[in-house]
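Letters A, B, ... mirror the listed sequences (proteins, then strands); counts begin at 1. Remember, it's a predicted structure, so these values are computed and weren't measured experimentally.
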Number of protein chains: 2
Amino acid sequence: MSGSDQLSAVFSALADPTRRAILAELADRDATVTELTAPFTISMPAVSRHLKALERAGLISRTRSGKLRMSRIEAAPLREAAEWIERYRRFWDTSLTRLDAHLAAVQAAGRPTDGSAIPDSESPGKAHDKEN
Amino acid sequence: MSGSDQLSAVFSALADPTRRAILAELADRDATVTELTAPFTISMPAVSRHLKALERAGLISRTRSGKLRMSRIEAAPLREAAEWIERYRRFWDTSLTRLDAHLAAVQAAGRPTDGSAIPDSESPGKAHDKEN
DNA sequence: ACATCACTTAACCAAAACGTTAAATGTAGT
DNA sequence: ACTACATTTAACGTTTTGGTTAAGTGATGT
């Protein structure tokens with residue numbers, strides 16, 4: 001996982017296709033570990049650990065119902081992830097190509113007081129660094 | 001990385017805060033390895049390998065300019081990642097709460113021909129599985 | 001009490017990730 | 001050709017990840 005912050009945990013959780021499939025499953029309905037294991041070829045302990053990873057990332061919550069243990073999707077942390085990614089929209093979204101060109105031109109011109117550059121909340125040189 | 005598909009590679013790349021910081025840096029301007037190494041406490045070989053990971057994910061491209069090697073952001077793959085995440089918007093975005101409730105009700109009622117449920121392009125039981 | 005079902009934890013293993021330092025490569029300048 | 005600079009590759013060690021099987025744990029049913 002490398003970084004142990006929330007964002008890293010979320011991206012890390014999403015990096016595994018099995019975990020993404022589990023989330024997709026849970027988007028339809030809450031499910032038990034057994035139910036979540038069924039579609040895969042891997043063992044139940046393996047799924048159990050995937051669930052733990054998802055829980056660590058805050059992407060699911062779990063409650064015990066008798067001897068069953070239900071997993072529920074808790075996608076709030078995805079918001080932060082989505083927002084992080086959105087900062088780069090201009091680099092791929094064609095509907096922003098004009099603005100992109102404009103910003104590039106402005107930037108190349110010496111970056112006057114525009115302020116619309118990508119907020120570098122995580123770029124180095126600020127307060128980031130460490131945790132490496 | 002676990003899965004070797006594009007999406008896994010992208011999420012995996014984003015899971016590391018150093019790589020996110022590098023991307024943030026590259027959002028402002030193309031940069032050399034030396035420039036990208038400066039803000040961190042880690043060695044240049046380490047950064048070089050982070051760049052390789054970003055390149056593998058398609059998030060940057062690199063060109064050689066004399067003895068310098070410029071890295072350029074190539075955020076197109078983020079689109080797929082953003083779209084994947086967006087499928088779960090209703091689980092966190094309050095502006096979709098009403099729709100969310102509606103869908104939940106419809107779903108609980110036995111899921112009539114609605115079609116607006118989350119497209120489970122990666123949920124198991126379909127054609128997924130394998131790669132585990 | 002005892003067996004059973006639904007998990008989780010433990011112990012283990014192989015592969016991958018991430019970092020380091022030292023050596024190799026490639027380009028430019030003298 | 002020699003030197004210097006920029007970057008990568010090699011070799012190495014440690015930690016994390018993802019999987020396995022076997023042994024707990026805890027609630028339910030008989």
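- Taking the salt bridge (Lys or Arg N to Asp or Glu O under 4.0 Å) definition, one finds that B/R62 meets it with nothing, sequence neighbours left out.
- Checked for salt-bridge contact, B/R87 and B/E83 miss the test: no charged N lies under 4.0 Å from a carboxylate O.
- The interatomic distance linking B/I22 (CD1) with C/dC18 (C1') rounds to 13 Å, in whole Å.
- In terms of position along DNA chain D, the nucleotide closest to A/R19 lies nearer the 5' end than the nucleotide closest to the other residue of the pair A/S65 and A/R19.
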Could you list the donor-acceptor pairs under 3.5 angstrom formed by side chains in residues 68-78 of chain B, with sequence neighbours left out?
unit_1	atom_1	unit_2	atom_2	d
B/R72	NE	B/D30	OD2	3.1
B/R72	NH2	B/D30	OD2	3.2
B/E74	OE1	B/S61	OG	2.7

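- Applying the side-chain hydrogen bond (donor to acceptor under 3.5 Å, both in side chains) rule to A/E35 yields no partners; only residues at least two apart in sequence or on another chain are considered.
- For the pair B/L14 CG and C/dA17 C1', the computed distance is 16 Å after rounding to whole Å.
- C/dC18 atom P lies 13 Å from atom CZ of B/F40, rounded to whole Å.
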Revision key, fill the gap. Nucleotide by nucleotide, nucleotides 4-9 of chain D touches protein heavy atoms under 4.0 Å in the pattern (B base, S sugar-phosphate only, - none) -BSBSB
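- With rounding to whole Å, A/D30 atom CG is found 18 Å from C/dA6 atom P.
- Listed by chain and number, the residues in a side-chain hydrogen bond (donor to acceptor under 3.5 Å, both in side chains) with B/E86 are B/R89 (sequence neighbours excluded).
- Residue B/R20 contributes atom CZ, which lies 12 Å from atom P of C/dC18 at whole-angstrom precision.
- The phosphate of C/dG19 has OP1 or OP2 within less than 4.0 Å of a side-chain N or O from B/H50.
- Residues A/W84 and B/R20 share a closest heavy-atom pair of CZ2-CB, 3.4 Å.
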